[in-house]
Protein chains: 2
Amino acid sequence: MATLKDVAKLAGVSPKTVSRVINDSPLVNEETRRRVLEAIRLLDYHPNEVAKNLRRRRSQTIGFLVPYGSDFVFRDTGMMEQLKGVHDVVVREGYNLMLSVPLVKEDSLWEAERLVKRRCVDGVILYPSSGIDVIAKEFLHRNLHFVTLGIGFQDQKSNFVEVDFSQATCEAVFYLFSRGCKRVGLLTRPHWFFNFPENDSFLSGFKKALDEAGMDFTPQLVRESDFTVEGGYRDFLKLREQVPDMDGVVCAADPTAYGVIRALWELGKQPGRDFKIVSGDNFPLTRKLFPWLPSMHNPLLRQGEEAARMLLKLVERGGQLPGVVLEATFEPPKLH
Amino acid sequence: MATLKDVAKLAGVSPKTVSRVINDSPLVNEETRRRVLEAIRLLDYHPNEVAKNLRRRRSQTIGFLVPYGSDFVFRDTGMMEQLKGVHDVVVREGYNLMLSVPLVKEDSLWEAERLVKRRCVDGVILYPSSGIDVIAKEFLHRNLHFVTLGIGFQDQKSNFVEVDFSQATCEAVFYLFSRGCKRVGLLTRPHWFFNFPENDSFLSGFKKALDEAGMDFTPQLVRESDFTVEGGYRDFLKLREQVPDMDGVVCAADPTAYGVIRALWELGKQPGRDFKIVSGDNFPLTRKLFPWLPSMHNPLLRQGEEAARMLLKLVERGGQLPGVVLEATFEPPKLH
DNA sequence: TTGTACGCGTTATCAT
DNA sequence: ATGATAACGCGTACAA
């Protein structure tokens with residue numbers, strides 16, 4: 001493998017000049033540059049990024065840490081959207097993306113520390129799954145770079161990109177009323193999935209809608225459901241026992257809605273006609289598979305992009321950045 | 001940030017001794033080791049992987065290069081399975097995983113070269129999408145490390161993990177016959193997706209089944225379909241025009257089958273009852289969403305694992321390894 | 001515009 | 001069992 005020195009020797013210049021050419025420095029004679037480029041071509045020289053990174057005290061790499069538990073199979077579609085958002089920004093800015101999925105839950109904390117403290121990455125994007133609060137607080141304190149996809153711990157003010165569903169959920173409920181529903185339920189997110197359960201924007205939006213519609217809220221109208229198809233199936237059936245006259249439901253996630261759909265099939269009801277549903281993510285797949293299914297739109301791609309942009313700023317400028325809250329939206333489908 | 005030297009100074013030993021302790025060398029006195037470990041703890045020292053990698057001329061990282069076009073949205077579920085297989089093996093062996101999705105198709109070749117030649121990674125896992133044949137051949141020639149997920153170019157003998165569907169497809173067709181089908185069609189993989197279209201194991205299995213059943217094969221019975229829901233929808237409707245009396249179909253992929261299911265709904269037919277389907281991947285999601293849907297099983301996870309194991313061997317021992325062919329399986333669902 | 005000398009933080013070699 | 005010294009391949013600081 002040819003090195004920068006070899007190139008310098010062949011081109012008859014100093015190593016530094018070769019370095020300048022590689023890094024597109026303007027401070028180099030055209031003729032010299034030409035000679036150097038020719039030498040690079042002849043030797044098939046490729047700069048060694050590891051050496052460069054050591055010298056620059058950078059890894060030029062961003063980490064994406066997926067919590068164990070992403071076997072949540074189908075949540076992966078949402079994760080992939082976020083990941084793609086992160087990836088695109090990171091790559092465009094000349095960084096690499098390292099993906100890490102700890103094999104067991106206990107490894108998450110150690111893995112986040114390993115990635116950042118051993119300088120495998122310049123910064124890391126974290127899911128706000130349980131346990132991450134510890135990491136986030138320590139990283140903040142030691143000025144290590146991270147961004148959480150959602151709020152990671154209570155009173156976190158910086159370095160997160162959160163999605164707020166309250167307005168979208170409120171509109172979704174009104175949409176169901178407008179479609180003739182008399183009694184609407186909510187399958188919300190699982191509180192145990194997060195570090196501070198209090199702040200459920202699905203629930204607050206749901207309550208707001210009932211309030212504005214002059215209807216009473218009762219806890220019976222709500223169940224939590226983990227973001228899985230089976231969970232949606234199971235929890236919908238339970239919710240139906242709680243609210244026998246329910247004729248519409250808002251789901252916090254697409255997989256949950258899939259579970260509801262399956263349950264309705266098995267009950268001999270046609271989803272969307274005999275019973276109304278609003279879904280929660282609006283995955284591309286959902287549009288393809290169930291074009292008739294109304295859905296809130298979870299801005300997963302943008303969340304990933306924002307998180308990546310924020311992290312790169314942190315890496316390049318240091319300090320902290322105020323958290324960002326994106327709004328989920330609800331676009332009622334065209335009626336016909 | 002404390003370095004190895006700082007630790008050495010504090011512990012009153014040479015840097016090399018600290019290095020020995022870190023790397024669990026047996027050649028170090030117990031008492032010395034204790035002192036060093038104490039110094040490490042006091043300084044909160046973390047070894048710098050970049051420096052280590054420079055010295056060891058390794059990046060200790062494996063690349064996973066996703067072809068542009070992975071917007072194939074739902075194929076991602078399959079890709080995630082493979083990725084998870086790769087990840088688990090790679091991490092268990094103490095490597096990192098770098099994920100790269102070139103933003104545009106033209107970047108793929110350059111990106112693969114960049115990753116390997118600039119030593120960002122020690123080796124790379126490639127999809128056999130078009131264009132990869134060029135890379136694979138050059139890498140082979142220059143002894144750079146790679147494994148393709150499937151055969152990347154004609155006559156490739158080494159460094160791939162392929163999945164063979166011929167037997168599974170054959171059994172799937174017989175299953176449909178056993179369920180009363182008289183006329184079975186095939187929605188096979190898109191030939192343009194690969195570099196050498198000749199070797200379609202779905203098609204060969206399909207032909208074999210018809211042959212063994214004493215039925216004539218005609219090209220009308222087959223259509224290619226890209227691995228998308230829309231594609232499955234569209235191509236199924238076309239295939240139905242070609243074969244009006246078709247009463248069963250084998251799909252090369254799960255998203256294709258989803259498209260078929262949607263088409264049947266819209267035709268007012270109940271999938272699985274009025275028209276029989278066998279799917280091609282058996283994603284976890286498929287089991288959850290359509291438990292009644294029979295499917296061949298695409299060993300995606302194992303394919304990823306095998307590819308990773310192969311690549312790590314190549315990285316650590318050099319040379320080349322003969323390609324591996326995994327068998328897809330068909331397990332008829334329990335009838336009731 | 002170009003070159004020199006040094007350092008980034010670790011491991012390898014060869015001593016002792 | 002431990003240490004001195006030299007790499008690894010590049011960028012930085014400063015001088016020319």
Side-chain angles (χ1 to χ4, degrees), chain A residues 1-37 39-40 43-61 94 96 114-122 316, chain B residues 1-40 43-61 94 96 114 116-122 316:
Chain A
M1 272 284 184
T3 74
L4 188 139
K5 273 185 189 164
D6 302 329
V7 176
K9 205 171 294 174
L10 181 59
V13 297
S14 81
K16 178 61 216 182
T17 301
V18 178
S19 173
R20 287 202 181 89
V21 171
I22 292 172
N23 295 298
D24 289 319
S25 161
L27 302 147
V28 50
N29 188 308
E30 256 326 304
E31 164 58 14
T32 315
R33 178 191 307 278
R34 219 193 38 67
R35 279 220 319 285
V36 169
L37 288 176
I40 287 178
L43 294 174
D44 191 33
Y45 166 73
H46 299 267
N48 183 319
E49 296 284 337
V50 178
K52 178 176 180 171
N53 291 339
L54 173 58
R55 182 63 249 221
R56 301 189 50 214
R57 324 180 98 204
R58 281 281 198 78
S59 64
Q60 203 67 15
T61 300
N96 296 309
R114 190 200 125 236
L115 287 176
V116 177
K117 292 187 178 167
R118 307 189 110 153
R119 327 242 65 157
C120 293
V121 303
D122 297 332
E316 287 168 7
Chain B
M1 270 287 185
T3 74
L4 187 139
K5 273 183 190 165
D6 302 328
V7 176
K9 205 170 296 175
L10 181 59
V13 298
S14 82
K16 180 62 213 181
T17 301
V18 178
S19 173
R20 286 200 182 91
V21 172
I22 292 171
N23 295 296
D24 290 320
S25 162
L27 302 146
V28 50
N29 188 308
E30 255 326 303
E31 163 60 14
T32 315
R33 177 190 309 279
R34 219 193 37 69
R35 278 218 322 283
V36 169
L37 288 175
E38 177 62 11
I40 288 179
L43 295 173
D44 191 34
Y45 164 73
H46 298 268
N48 183 319
E49 296 285 337
V50 178
K52 178 176 180 170
N53 292 338
L54 172 59
R55 182 63 245 214
R56 301 189 50 212
R57 323 181 99 205
R58 280 282 197 78
S59 65
Q60 203 67 14
T61 300
N96 296 310
R114 190 200 126 236
V116 178
K117 293 186 179 167
R118 307 191 121 168
R119 328 242 64 156
C120 294
V121 303
D122 297 331
E316 287 168 6

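Within every chain, numbering begins at 1; the chains are lettered A, B, ... in the order of the sequence lines, protein sequences first and strands thereafter. Everything numeric in this text was worked out from a predicted model, so none of it was measured.
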* Structure fact -> When rounded to the nearest 0.5 Å, the distance separating CG of Asp122(B) from CG of Asn96(B) is 10.0 Å
* **Spatial distance of atom CG (Leu27(A)) from atom NZ (Lys16(A)) [nearest 0.5 Å]** => 9.5 Å
* Asked: Is any side-chain N of the basic residue among Glu49(B) and Arg118(A) closer than 4.0 Å to the acidic one's carboxylate O?
  -> yes
* Asked: Are Arg35(B) and Glu38(B) ion-paired here, with the side-chain N under 4.0 Å from a carboxylate O?
  -> no
When you get a sec, tell me which of [options] is the closest nucleotide to the side chain of [X]?
X	options	value
Val13(B)	dG3(D), dT2(D), dT10(C)	dG3(D)
Leu27(B)	dA1(D), dT2(C), dG11(D)	dA1(D)
Ala51(B)	dT4(C), dT10(C), dG9(D)	dT10(C)
Arg57(A)	dT10(C), dC8(C), dA12(C)	dC8(C)

[N] OP1/OP2 closer than 4.0 Å to side-chain N/O of [X]:
X	N	answer
Thr32(A)	dT1(C)	no
Ser19(A)	dG11(D)	yes
Arg20(A)	dG3(C)	no
Asn48(B)	dC8(C)	no
Thr17(A)	dG3(C)	yes
Ser14(A)	dG3(C)	yes
Asn53(B)	dT10(C)	no

Given atom [atom1] of [X] and atom [atom2] of [N], what is their separation to the nearest angstrom?
X	N	atom1	atom2	result
Ile22(A)	dT12(D)	CD1	C1'	15 Å
Ile40(A)	dC10(D)	CD1	C1'	13 Å
Arg58(A)	dC10(D)	CZ	P	19 Å
Arg118(B)	dG9(D)	CZ	C1'	13 Å
Leu4(A)	dG11(D)	CG	P	7 Å
Lys9(A)	dT4(C)	NZ	P	13 Å
Tyr45(B)	dG9(C)	OH	C1'	7 Å
Arg119(B)	dC10(D)	CZ	C1'	15 Å

* Check every strand shown and say whether Lys16(B) touches a base, only sugar-phosphate, or nothing at a heavy-atom separation below 4.0 Å. => base
* Under 4.0 angstrom, heavy atoms only, what part of the nucleic acid is Pro15(A) near: base, sugar-phosphate, or nothing? -> nothing
* Structure fact -> In short, Arg119(B) meets Val50(A) closest at the heavy-atom pair O-CG2, 3.5 Å
* Looking only at heavy atoms, what is the nearest atom pair of Asn23(A) and Lys52(A), with distance? -> OD1-NZ, 3.9 Å
* With a 3.5 Å cut-off and no angle check, do the side chains of His46(A) and Asn48(A) form a donor-acceptor pair? -> no
* To do: Classify the side chain of Arg55(A) and the base of dG7(C) as holding, or not holding, a donor-acceptor pair under 3.5 Å.
  => yes
* To the nearest 10°, let me know how far the axis at one end of the helix from dT1(C)-dA16(D) to dT16(C)-dA1(D) is tilted from the axis at the other, five pairs an end. => 30°
* Asked: Any side-chain heavy atom of Leu37(B) sitting closer than 4.5 Å to one from Val21(B)?
  -> yes
